[in-house]
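Predicted model, so just to flag it, every value in this text is computed and none were measured.
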Amino acid sequence: MQVLSVTPEIFPLIKTGGLADVTGALPIALAAKGVTMRTLIPGFPTVMAAFKKKKAVMQYPLLQGGKAAVHSIQLAGLELFVLDAPHLFDRPGGPYGNATGVDWPDNWRRFAALSQVGGDIAGGAISGYQPDIVHAHDWQSAMTLAYMRYGKAVGIPSMMTVHNLAFQGQFGAGIFGELGLPAAAMALDGVEYYGGVGFLKAGLQAAWAITTVSPTYAQEIRSAEFGMGLDGLINMRSSDLYGIVNGIDTGIWNPETDKHLVSTYTAGTLKARAPNRAAVEERFSLDRDDSPIVCVVSRLTWQKGMDILALVVDGIVATGARLAILGSGDAGLEGALLAAAARHRGRIGVVVGYDEGLSHIMQGGCDAIVIPSRFEPCGLTQLYGLRYGCVPVVARTGGLADTVIDANEAAVSAGVATGFQFAPNNGGAFLHTMRRLVDAHASPAVWESLQRQGMKADVSWDKSADKYVELYRSLLSKRVA
């Protein structure tokens with residue numbers, strides 16, 4: 001089975017969040033099950049710098065304002081098509097905006113081009129290659145399915161995966177004339193969305209199947225609260241909606257072999273976590289004592305519940321816990337957390353920014369990781385926490401609810417608990433759960449049970465990849481029918 005994946009990000013070449021981890025790990029997991037996935041990605045500077053030999057398999061004299069080519073490469077175990085369009089992607093800063101974080105005003109053009117190429121490849125534009133299925137990820141590649149629907153690939157099965165419904169790619173109606181789509185596409189059952197053009201909406205409309213990255217999130221987005229204005233369409237497509245929880249790359253995230261750690265360990269050698277704990281204390285200037293170290297590795301945003309954290313941070317310190325915070329985002333939240341660290345020297349440490357190696361050490365040395373997200377399609381940091389014996393404390397939403405078993409009395413007695421959940425998502429419930437955590441940490445037997453049970457959890461891609469294969473096959477059967 002040949003699957004074409006279209007995505008703006010893929011690990012290890014270009015990453016701003018969990019999307020890249022998913023699109024980088026899924027092809028490798030699928031390969032073990034007889035599915036070949038080739039991934040079309042934009043030629044961002046970091047991508048183009050990763051390979052020297054270029055083999056153009058497609059040429060565009062004019063693609064959204066300039067010349068472009070598609071190169072076929074193999075890299076890091078991945079089969080890639082790279083869209084080399086310097087006028088669109090060869091820019092400083094991040095993949096979506098400049099160095100100050102301001103979005104590029106022509107993002108619609110950049111990702112329409114990516115999607116147009118995806119539609120062309122689906123239609124057989126590359127000699128010798130014809131995908132059986134096309135799998136698009138998030139708004140930046142969602143229009144691939146619209147180009148398929150109104151082009152040569154109308155009969156090819158397609159799947160749209162929503163990693164975060166909050167980001168939809170909404171643009172004014174004035175861009176429609178430059179998309180190269182027929183006039184009929186500018187309709188309610190096409191790409192039109194509230195009088196403009198909706199990239200994600202177009203993908204949801206055209207997809208043969210829609211997936212989200214956890215079963216709970218698949219249900220949540222059918223409500224007005226989580227549907228972000230698209231709940232009507234999603235409910236209309238509910239029979240084609242599936243939730244498949246993400247996995248993680250257990251080769252990269254493995255405490256037994258992780259080269260980022262000061263000390264590697266297993267579920268049977270938890271005491272070997274101590275040097276990692278000491279490294280966290282040193283890096284975050286925390287007091288050295290036996291109280292639990294609770295970490296945060298997150299974007300500092302409203303969605304991630306970081307304002308709730310900032311609101312109750314003094315109360316968390318009062319429970320006896322220490323905090324190690326790694327992240328960046330909203331300037332006001334960064335300032336509030338830095339101010340809290342100044343108030344509570346030795347009890348709170350903050351590093352503004354992101355450091356991949358440090359994030360591994362935190363998972364390997366901290367006692368718990370807090371994820372108080374208002375909504376979380378899947379979440380990966382709690383899966384890393386489970387894998388590393390860093391007990392997750394999560395809001396009861398989306399994939400967080402699906403992957404963490406709350407340490408209530410019955411679950412602890414049965415020896416199945418893996419972390420802590422709290423609801424509703426407010427400061428009071430959050431603080432109550434932090435007190436539960438501190439109490440549990442005071443009992444070595446209970447705490448080690450939580451760690452070991454979490455480390456036993458299957459957080460790999462194996463079961464999830466099986467579900468994708470099953471869904472791919474069902475789509476192929478519909479095509480045959």
Side-chain angles (χ1 to χ4, degrees), residues 6-8 16-19 96-97 103-105 107-112 114-115 136-147 149-150 158-176 179 181 184-244 299 301-305 307 329-330 373-379 395 397-401 424-425:
V6 187
T7 176
T16 66
L19 168 64
Y96 314 120
D103 284 354
W104 297 112
N107 272 346
W108 68 268
R109 186 184 299 279
R110 302 168 78 216
F111 296 108
L114 177 70
S115 296
H137 298 267
D138 276 354
W139 75 264
Q140 296 93 336
S141 59
M143 287 287 284
T144 300
L145 309 191
Y147 283 105
R149 179 184 177 189
Y150 296 102
S158 61
M159 183 186 298
M160 181 77 237
T161 293
V162 179
H163 297 263
N164 192 334
L165 195 66
F167 303 103
Q168 300 183 2
Q170 298 181 42
F171 303 99
I175 73 166
F176 179 76
L179 295 178
L181 290 169
M186 190 59 178
L188 184 61
D189 67 346
V191 306
E192 188 273 335
Y193 186 53
Y194 289 107
V197 175
F199 279 35
L200 181 59
K201 184 264 184 182
L204 295 173
Q205 191 80 52
W208 288 35
I210 299 167
T211 67
T212 68
V213 287
S214 72
T216 294
Y217 190 61
Q219 294 306 309
E220 287 177 340
I221 62 173
R222 296 180 64 181
S223 70
E225 181 182 2
F226 293 98
M228 307 291 176
L230 286 166
D231 48 292
L233 172 56
I234 291 165
N235 277 298
M236 186 180 72
R237 300 293 318 273
S238 61
S239 62
D240 302 311
L241 177 65
Y242 305 84
I244 303 176
R299 298 196 311 274
T301 64
W302 178 89
Q303 183 216 320
K304 297 295 184 180
D307 57 319
D330 183 271
S373 302
R374 282 187 168 83
F375 61 94
E376 193 63 69
C378 179
T397 186
L400 303 177
N425 196 351

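Between F199 and W139, the angle of the ring planes goes over 60°, which puts this pair in the perpendicular group of the 30/60° scheme. Between H163 and H137, the two ring planes are tilted [angle within 30° to 60°].
Distance alone, capped at 3.5 Å, is enough to place a donor-acceptor pair between the Q168 side chain and the M228 backbone. Panel note: side chain S238, backbone N235; a donor-acceptor pair is recorded below 3.5 Å. A donor-acceptor pair under 3.5 Å links the side-chain atoms of N164 to the main chain of A166, judged by distance alone. The main-chain N or O of F375 is never found under 3.5 Å from a side-chain atom of K304 such that the two would form a donor-acceptor pair. In this structure a side-chain-to-backbone donor-acceptor pair under 3.5 Å is present from R237 to A207. Listed for the K201 side chain is no donor-acceptor partner under 3.5 Å among the backbone atoms of Q170. Using modelled atom types, no side-chain atom of D330 and backbone atom of W302 make a donor-acceptor pair closer than 3.5 Å. A donor-acceptor pair is defined here as one N or O able to donate and one able to accept, closer than 3.5 Å; such a pair exists between the side chain of S214 and the backbone of P377.
Residues V197 and G172 approach most closely at CG2-O, 4.1 Å, considering heavy atoms. The two residues A173 and G195 have their closest heavy-atom pair at CB-O, 3.3 Å. The two residues L181 and A146 have their closest heavy-atom pair at CD2-O, 4.2 Å. When all heavy atoms are compared, the tightest approach of G398 to T216 is O-CB, 3.4 Å. Residue A136 comes nearest to S141 through the heavy atom pair CB-O, 3.6 Å, listed as atom of the first residue, atom of the second, then distance. A pairwise comparison of heavy atoms in G196 and M186 identifies O-CE, 3.5 Å as the closest pair.
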Exercise. Does the side chain to side chain donor-acceptor pair (under 3.5 Å) test come out yes or no for R374 and N425, once each step is laid out?
Worked result: CA-CA 7 Å; R374 282 187 168 83; N425 196 351; over 6 Å; no

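Separating the CD atom in E192 from the CZ atom in F176 is a distance of 10.5 Å, to the nearest 0.5 Å. One finds the CZ atom of R109 at 9.0 Å from the CD1 atom of I175 (value rounded to the nearest 0.5 Å). Residue F226 holds its CZ atom at 11.5 Å from CG of L165, rounded to the nearest 0.5 Å. Between Q205 atom CD and Y193 atom OH the span is 11.5 Å, to the nearest 0.5 Å. In this structure, the separation between CG on D240 and CD1 on I234 is 12.5 Å, given to the nearest 0.5 Å. Taking OH from Y194 and CG from L188, the interatomic distance works out to 10.0 Å, rounded to the nearest 0.5 Å.
A 4.5 Å side-chain heavy-atom check between L19 and P8 finds at least one atom pair inside the cut-off. With a 4.5 Å cut-off on side-chain heavy atoms, D231 and E225 do not count as touching. Counting heavy atoms from C-beta on, the side chains of Y147 and L179 come closer than 4.5 Å.
Checking each of L233, I221, L241 against I210 for a side-chain contact (heavy atoms from CB on, under 4.5 Å) leaves exactly one that passes, namely L241.
Using a 3.5 Å distance cut-off with no hydrogens or angles, the side chains of T211 and T161 do pair a donor with an acceptor.
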